[in-house]
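For the numbers below, each heavy atom of this structure counts, side chains included, while hydrogens, waters and symmetry mates do not.
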There are 2 protein chains.
Amino acid sequence: MAHRGRPRGFDADAALKNAVEVFWRQGYEGASLSDLTAAMGINRTSMYAAFGNKEELFHRALALYAEEEMAYAREALAQPTAYAVIETFLRANAEALTRDDRPVGCLSVQGGLAAGGDNGHIARFLADSRLAGEQALAERLARAIEEGDLPPDTDPHALARYVMVVSEGNAVHAAAGVPREALLASVEIAMRAIPTRQLK
Amino acid sequence: MAHRGRPRGFDADAALKNAVEVFWRQGYEGASLSDLTAAMGINRTSMYAAFGNKEELFHRALALYAEEEMAYAREALAQPTAYAVIETFLRANAEALTRDDRPVGCLSVQGGLAAGGDNGHIARFLADSRLAGEQALAERLARAIEEGDLPPDTDPHALARYVMVVSEGNAVHAAAGVPREALLASVEIAMRAIPTRQLK
DNA sequence: CAGATTCAGTACCGAGCGGTACAGAAAAAG
DNA sequence: CTTTTTCTGTACCGCTCGGTACTGAATCTG
């Protein structure tokens with residue numbers, strides 16, 4: 001199928017990347033179309049032609065965020081031991097929450113927590129996406145139990161949920177301006193709750 | 001000073017209590033004046049006469065929330081040992097986050113996380129109020145160190161921050177619909193990071 | 001009683017929202 | 001060249017927002 005007419009004059013991926021930052025800083029409801037299009041450097045009309053509407057733009061933005069800004073999570077899952085998986089994840093998470101070239105905090109956490117009215121499905125969508133990460137971690141921990149890397153009576157879902165609780169709590173702290181070193185100190189304490197193979 | 005004119009025809013405290021629930025469920029920006037006055041059972045005009053404006057109403061609502069819904073935190077601080085203080089706080093917190101006669105989650109956490117634009121000072125105000133609680137806990141833990149109740153090399157601020165991280169992470173989970181038992185399981189794991197006098 | 005204050009209710013303000021319509025220019029295919 | 005598609009830009013849609021003005025009735029003090 002051939003292409004007819006004037007081609008798109010902007011880089012949709014680059015524009016989406018800029019939209020991510022706006023949603024990250026201001027949340028779904030707090031980011032107005034004027035904010036978004038201004039940051040994306042394109043016109044209102046072009047945005048609707050390229051992405052459909054605000055909600056679809058948000059979905060695309062969250063997908064890009066998960067792919068680029070959460071890459072450390074997938075890398076952490078590849079660590080050889082459960083302890084290393086968790087420690088790598090939480091430390092990288094604390095650093096990602098406080099990168100000085102990015103908004104502080106986590107897009108998924110602060111993007112839709114307050115959306116309780118008409119946009120309740122946004123909050124549910126974000127919660128489900130976080131739950132998917134928690135599930136992936138639980139499966140990795142279940143494998144660790146099979147490998148004798150965690151005590152056999154460990155509940156992998158409960159442990160994964162605890163890790164995500166620390167991650168999200170740190171996200172709330174980061175959004176409040178707590179510095180990186182303080183987040184890492186919380187990670188260090190949190191790691192004391194993780195069983196190690198040696199202690200078994 | 002005497003009172004002249006028609007007296008107020010509604011219970012301001014009861015109306016404020018209803019406003020708390022709306023802010024709790026929908027956040028600061030998500031709660032419209034129509035939502036608020038409808039729940040409070042009073043007129044728009046009466047609200048402005050009694051509370052000033054939306055932001056002052058929110059301040060009053062948060063104060064009432066801290067006084068009534070966070071009473072368990074002050075009770076927890078009165079526990080005899082640091083371990084008991086933390087465990088009592090986190091368990092009561094998990095239950096408060098999932099009371100079926102109240103909105104799920106924490107007003108302070110979900111009330112203003114997404115407020116990044118004009119209402120940024122709301123988020124900062126909420127963060128400061130959470131920090132005050134963290135500071136109170138840190139002082140209680142410092143006393144515990146003096147009493148030999150925690151190892152002398154313990155950093156009370158870091159430990160208090162960790163406890164608040166767990167509390168806020170659980171608040172995020174609760175807002176996502178995670179049930180009480182799951183929150184309590186995270187508390188149980190989190191407690192493994194808390195030193196006890198016996199283990200010293 | 002008169003005067004003061006608050007009541008409930010409604011209509012309205014300017015502003016911003018998400019989204020659309022329409023303009024005229026630009027760049028591709030045939 | 002014509003046609004088609006997308007471009008940029010502006011104006012506008014209906015709606016909701018927080019907040020105000022005004023009305024007439026109600027209820028207090030003095």
| Does S32(B) make a side-chain N or O approach to OP1 or OP2 of dT16(D) shorter than 4.0 Å? | no
| said: Taking the basic N atoms (NZ, or NE/NH1/NH2) and the acidic carboxylate oxygens, is any pair closer than 4.0 Å for R130(B) and E134(B)? | reply: no
| message | From NZ of K54(A) over to P of dG19(C), roughly how many Å is that when rounded to an integer? | response | 8 Å
| task | Specify the separation, in whole Å, of atom CE of M40(B) and atom C1' of dA8(C). | result | 15 Å
| task | Could you tell me the separation between the CG atom of D11(A) and the C1' atom of dT6(D), rounded to a whole number of Å? | result | 16 Å
| note | Side-chain contact check for F10(A): nearest option of dC7(D), dG18(C), dG19(D) is dC7(D)
| query | Looking at dG9(D), does its base get a donor-acceptor pair with the side chain of N43(A) below 3.5 Å? | reply | yes
| task | Using atom CZ of F58(B) as one end and atom P of dG18(D) as the other, report the distance to the nearest whole Å. | result | 13 Å
| task | Tell me yes or no: between the side chains of D35(B) and S32(B), is some donor less than 3.5 Å from an acceptor? | result | yes
| Could R99(B) and E95(B) be called an ion pair, given the rule that one side-chain N must be under 4.0 Å from one carboxylate O? | no
| query | Which whole-number value in Å describes the distance from M47(B) CE to dG9(C) P? | reply | 16 Å
| request: Determine the contact category for S46(A): base if any of its heavy atoms lies under 4.0 Å from a base atom, sugar-phosphate if only primed atoms, P, OP1 or OP2 are that close, otherwise nothing. | output: base
| request: For I42(B) and for E55(A), find the nucleotide of DNA chain C with the closest heavy atom, then tell me which residue's nucleotide is more 5'. | output: I42(B)
| request: Inspect the contact between R143(B) and E147(B) and indicate whether a charged nitrogen and a carboxylate oxygen are less than 4.0 angstrom apart. | output: yes
| Lys NZ or Arg CZ of K54(B) over F23(B) ring: under 6.0 Å, within 45° | no
| query | Between atom CZ in R44(B) and atom P in dA21(D), what is the gap in whole Å? | reply | 14 Å
| query | Of the nucleotides dT10(C), dG19(C), dC17(D), which has the atom closest to the S34(B) side chain? | reply | dC17(D)
| Where the side chain of L33(B) is concerned, which of dA21(D), dG19(D), dG19(C) is the nearest nucleotide? | dG19(D)
| query | Roughly how many Å is it from CG in L36(B) to P in dC17(D), rounded to a whole number? | reply | 10 Å
| message | Rounded to whole Å, how long is the line connecting atom CZ of F51(B) with atom P of dT20(D)? | response | 16 Å
| note | Of the listed dG18(C), dT20(D), dC7(D), the closest approach to the Y48(B) side chain comes from dT20(D)
| task | Please work out if A31(A) contacts a base, only the sugar-phosphate, or nothing of the nucleic acid, heavy-atom cut-off 4.0 Å. | result | sugar-phosphate
